[in-house]
Amino acid sequence: MTEGNNMPEGDTAGKDEVPVGVPAEEKRSEEEKKENGQSSVPIPEQPAAPGAEEVEFVHPEGGWGWLVMLAAMWCNGSVFGIQNAFGILFLSLLREFGSEDDEDLRFKTALVGSLSMGMIFFCSPIVSVFTDILGCRITAVGGAAVGLVGLLASSFVTSLGPMYFTYGIVFACGCSFAYQPSLVILGHYFKKRLGLVNGIVTAGSSIFTITLPFVLSGLLDKVGLQNTMRVLCILMFILMLAGLTYRPLLPVKSSNTRTGSRCPPMSQIFNVNIWKSLGYRIWAFGIPAALYGYFVPYVHLMKHVEERFGKEANKEVLLMCIGITSCVGRLIFGRVADYVNGVNKVYLQVTSFFVIGLMSMMIPLCNIFGALIAVCLLMGLFDGCFICIMGPIAFELVGDKDVSQAIGFLLGLMSVPMTVGPPIAGFLRDRLGSYDVAFYLAGIPPIFGGAVLCLIPWVEARRKRKEKEDALNKEQGELLAGQKRDHEKAQEDALSKTGESVL
């Protein structure tokens, strides 16, 4: 219910009253005109409520938005840089808490990282609701504070059990609440440059992925696992400060009810409009289907390199290669996405998934370290393409107003494959003694998911054709109805004239 439609009940009581001083003859003539449907009594216009008229919002395309972009870039870097570098922490956790007698050691240890990554996405639908109600700034700062507490608590843990809670749940939930507002706030400042800005922002995680493995390796060797996690808390503290820059610009819908309650209606909390789009439903199914093997290399590639090339192999270089080309891919494909019309941007994601799937299958076939570097370079390039255009595709499928929850629900659905994939790969390694089968299987879901996404442009084109046909049919129907009314009126006039001539 909009403010412009809220009229006091007392105003309607005297709506049809004739003003004092109108002669009786004029009153009767006006009543006769009303009965004939020709009323000409001017109804006083109600004064518009302040802010009732919607003014078209113009995105600044810069200004304070550049600082917001840098803050969002730090958010992506600190959140996903830590997640992507979990392969380094994975080795330290195996040494710190592992036992050679445990047959499921890699499965249990991988679950820490996959649970953390999965919870970031699992919380996203809830984060969408908080973002809509509280705004981007409060949600992001509060999330960063929770993540700081979780990571600090993890530094005092001495076994895997509590680590599932402190690192896998508390830290990850905080990251989720800090991360998603960084995607939404960009739409307040940019529209024409949104693809490029998304590419720059998501490049933050690539920059951190390049540098963190070397930093973590040095810290783990010098100060140990616990103190390394305490150092990482500095990143979360800076993230809290970065969230303070998320100043909202888009007009906020009034959610106050007549009772003065600040609680918005249920339809605003859980937006079901996004699920009416078949294109979005396909997207929300295809992306999670493609991600069952996506996070496997980030967790297990370091251990695979140790087993294949020895502990002396410079395994951190592989994560650096993924990070470098992922950064390049986000910048390049983010700019390219601005020139691709509508939902055809989905084809960029389709290509990304096909390449990522093939590269995952190529990992066990690389018996030369140089070949593995080439695989990681290609995988990182198209990983950057997949990540940077998620926001623009969401805007194309559901529009500006529904994008927050559209992204939130998609990330929530992504939590299942992101959580399940790495532990399954660790289980296969524990049982088969090699990562080969795990990497072969990890390449299948991206190819399948990419094939599903190919349906979206066709579905959206068919929907637009149907909308045009419905609009045309409606216009023709209204035209025919008007002609029919004119014809009936002409017949009535002819009959009335015939009756008058007979009389």
Side-chain angles (χ1 to χ4, degrees), residues 1-2 57 68 71-72 75-76 79-80 115-150 168-189 201 239-240 242-257 259-277 280-281 283-285 287-288 390-391 393-395 397-416 418-419:
M1 182 180 296
T2 59
F57 177 74
V68 173
C75 174
N76 274 257
V79 169
F80 288 104
L115 181 61
S116 178
M117 180 65 88
M119 284 301 297
I120 289 178
F121 297 115
F122 179 77
C123 294
S124 294
I126 304 173
V127 179
S128 298
V129 176
F130 275 84
T131 303
D132 287 345
I133 296 175
L134 301 178
C136 294
R137 179 185 292 173
I138 296 176
T139 305
V141 174
V146 173
L148 173 62
V149 171
I169 296 179
V170 178
F171 169 64
C173 287
C175 288
S176 182
F177 275 77
Y179 164 65
Q180 193 171 329
S182 72
L183 298 180
V184 177
I185 195 64
L186 297 177
H188 290 235
Y189 290 87
V201 166
L239 182 55
M240 290 175 57
L244 295 174
T245 66
Y246 295 169
R247 186 177 64 199
L249 293 183
L250 287 176
V252 181
K253 295 180 181 179
S254 176
S255 60
N256 294 337
T257 62
T259 59
S261 173
R262 295 183 60 188
C263 183
M266 189 61 65
S267 60
Q268 183 178 340
I269 295 178
F270 298 104
N271 190 349
V272 297
N273 291 330
I274 58 177
W275 299 104
K276 295 179 181 178
S277 168
Y280 176 77
R281 294 201 299 269
W283 195 53
F285 169 78
I287 295 291
M390 284 187 63
I393 290 176
F395 276 96
L397 290 175
V398 301
D400 297 353
K401 295 181 180 179
D402 299 328
V403 72
S404 175
Q405 294 205 23
I407 294 176
F409 279 113
L410 175 67
L411 296 179
L413 293 172
M414 287 167 55
S415 65
V416 176
M418 298 291 275
T419 304

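If you read the sequence from its start, that first residue is 1, and numbering goes on from there. What you see below is based on every heavy atom in this structure, not just the backbone, and it leaves out hydrogens, waters and symmetry mates.
Taken from OG1 in Thr419 to CE in Met414, the straight-line distance is 10.5 Å, to the nearest 0.5 Å. To the nearest 0.5 Å, the span separating CD1 on Ile138 from CD1 on Ile133 amounts to 11.5 Å. Going from atom CD1 of Ile407 over to atom OG of Ser128 covers 8.0 Å, rounded to the nearest 0.5 Å. A distance of 12.0 Å separates CZ in Phe171 from CG in Leu115, rounded to the nearest 0.5 Å. Within the model, atoms CD1 of Ile393 and CG of Leu410 stand 9.5 Å from one another, a figure rounded to the nearest 0.5 Å. Note that NE2 of His188 is 4.5 Å distant from SG of Cys136, once rounded to the nearest 0.5 Å.
Remark: Tyr280 engages Trp275 in a ring-ring contact (aromatic ring centres under 6.0 Å, His included) (not counting sequence neighbours). The side-chain hydrogen bond (donor to acceptor under 3.5 Å, both in side chains) test applied to Ser415 returns no partner, not counting sequence neighbours. The ring-ring contact (aromatic ring centres under 6.0 Å, His included) check on Phe121 picks up nothing, with sequence neighbours excluded.
Across every non-hydrogen atom of Pro125 and Gly412, the tightest pair is CD-CA, 3.6 Å. Taking all atoms of both residues into account, the shortest heavy-atom contact from Val201 to Leu186 is CG2-CD1, 3.8 Å. Here the closest heavy-atom approach between residue Gly143 and residue Phe177 is recorded as CA-CB, 3.5 Å. Across Ala144 and Met240, no two heavy atoms sit closer than the pair CB-CG, 3.3 Å. Taking both residues in full, the closest heavy atoms of Met119 and Ala172 are given as CB-CB, 3.6 Å, listed atom of the first, atom of the second, then distance. Taking all atoms of both residues into account, the shortest heavy-atom contact from Ala178 to Cys75 is O-SG, 3.3 Å.
For the pair Ser176 (side chain) and Ile120 (backbone), a donor-acceptor distance under 3.5 Å is present. At least one donor-acceptor pair closer than 3.5 Å links the side chain of Thr245 to the backbone N or O of Ala242. Between the side chain of Thr139 and the backbone N or O of Gly135, at least one donor-acceptor pair lies under 3.5 Å.
Side-chain atoms of Tyr246 and Ser182, non-hydrogen and from C-beta on, do get closer than 4.5 Å to each other. Residues Val416 and Pro288 have side chains not in contact (no heavy-atom distance under 4.5 Å, counting atoms from C-beta outward). By the 4.5 Å heavy-atom criterion applied to side chains, Tyr179 and Leu411 are counted as neighbours.
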Walk me through whether Leu239 and Leu148 qualify under side-chain contact (heavy atoms from CB on, under 4.5 Å). CA-CA 9 Å; Leu239 182 55; Leu148 173 62; over 6 Å; no

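Counting non-hydrogen atoms of other residues, nucleotides and ligands closer than 6.0 Å to CZ of Phe130 gives a total of 12 or fewer.
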